[in-house]
Amino acid sequence: MLSRIGDKWSVLVVMQLADGPRRFNELKRAIGGISQRMLTLTLRGLERDGMITRTVFETVPPRVDYSLTELGQSLRSPVEALGMWAFEHLPAIEKARQAFDIRHGPDKST
């Protein structure tokens with residue numbers, strides 16, 4: 001479970017759904033850099049874990065909304081706290097990364 005809620009994409013999806021239901025393409029646009037496949041896998045995983053619900057509306061074309069469940073809503077506070085911590089400490093993290101890169105060379109994966 002920790003790997004799911006600690007996953008970058010899952011955190012971003014939960015943050016996007018905090019204000020209410022969203023459609024797949026709305027989520028994709030709002031979460032920069034996520035592929036369609038990764039968003040699909042993330043949504044399925046969150047649904048399987050009981051964090052979100054997927055509601056299909058029988059319209060033409062079909063409409064699908066994703067929303068947080070009560071369990072998913074309970075995750076909002078810790079996710080928001082983690083996000084605030086990250087923003088608050090971003091300058092210190094960047095400074096530490098720069099110092100590390102000077103000593104050891106830059107990490108090619110970031």
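When reading the values below, keep in mind they use all heavy atoms of this one structure, side chains included, and skip hydrogens, waters and symmetry mates. If you read the sequence from its start, that first residue is 1, and numbering goes on from there.
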Check: H89 side chain, W85 main-chain N or O, donor-acceptor pair, under 3.5 Å: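 Checked: pair present.
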Donor-acceptor check, side chain of E26 to backbone of R23, threshold 3.5 angstrom: yes or no?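 Here the side-chain-to-backbone pair exists.
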Looking at [atom1] of [X] and [atom2] of [Y], how far apart are the two atoms once the value is rounded to the nearest 0.5 Å?
X   : Y   : atom1 : atom2 : answer
S10 : M15 : OG    : CE    : 13.0 Å
I93 : E88 : CD1   : CD    : 10.0 Å
L43 : L27 : CG    : CG    : 6.0 Å
Y66 : Q16 : OH    : CD    : 15.0 Å
L12 : K8  : CG    : NZ    : 7.5 Å

Do you know which two heavy atoms are closest between [X] and [Y], and how far apart they sit?
X   : Y   : value
L17 : I52 : CD1-CG2, 3.7 Å
G50 : L71 : O-CB, 3.7 Å
A30 : R22 : CB-NH2, 4.1 Å
A18 : E80 : CB-OE2, 4.3 Å
K28 : S35 : CE-C, 4.2 Å
P78 : L75 : CD-O, 3.1 Å

Heavy-atom count around [X] [atom1] within 6.0 Å, excluding the residue itself: above 12?
X    : atom1 : value
R103 : CZ    : yes
F87  : CZ    : no
E70  : CD    : no

Should [X] and [Y] count as side-chain neighbours, where that means a heavy-atom distance under 4.5 Å?
X   : Y   : result
V64 : T55 : no
V13 : I31 : yes
M51 : V14 : no
F24 : Q36 : yes

What verdict does the salt bridge (charged side-chain N to carboxylate O under 4.0 Å, His left out) test give for E94 and R97, after you've listed the backbone C-alpha separation in whole Å, the side-chain angles of each residue and the deciding distance to 0.1 Å? CA-CA 5 Å; E94 288 297 326; R97 286 177 177 172; 3.4 Å; yes
If we ignore angles and hydrogens, is there a donor and acceptor under 3.5 Å between the side chains of T53 and T69?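 Judged by distance alone, the side chains do not pair up.
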Is it the case that one hydrophobic cluster holds both V56 and L46, taking links as side-chain heavy atoms less than 4.5 Å apart, direct or via other members?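 Same hydrophobic cluster.
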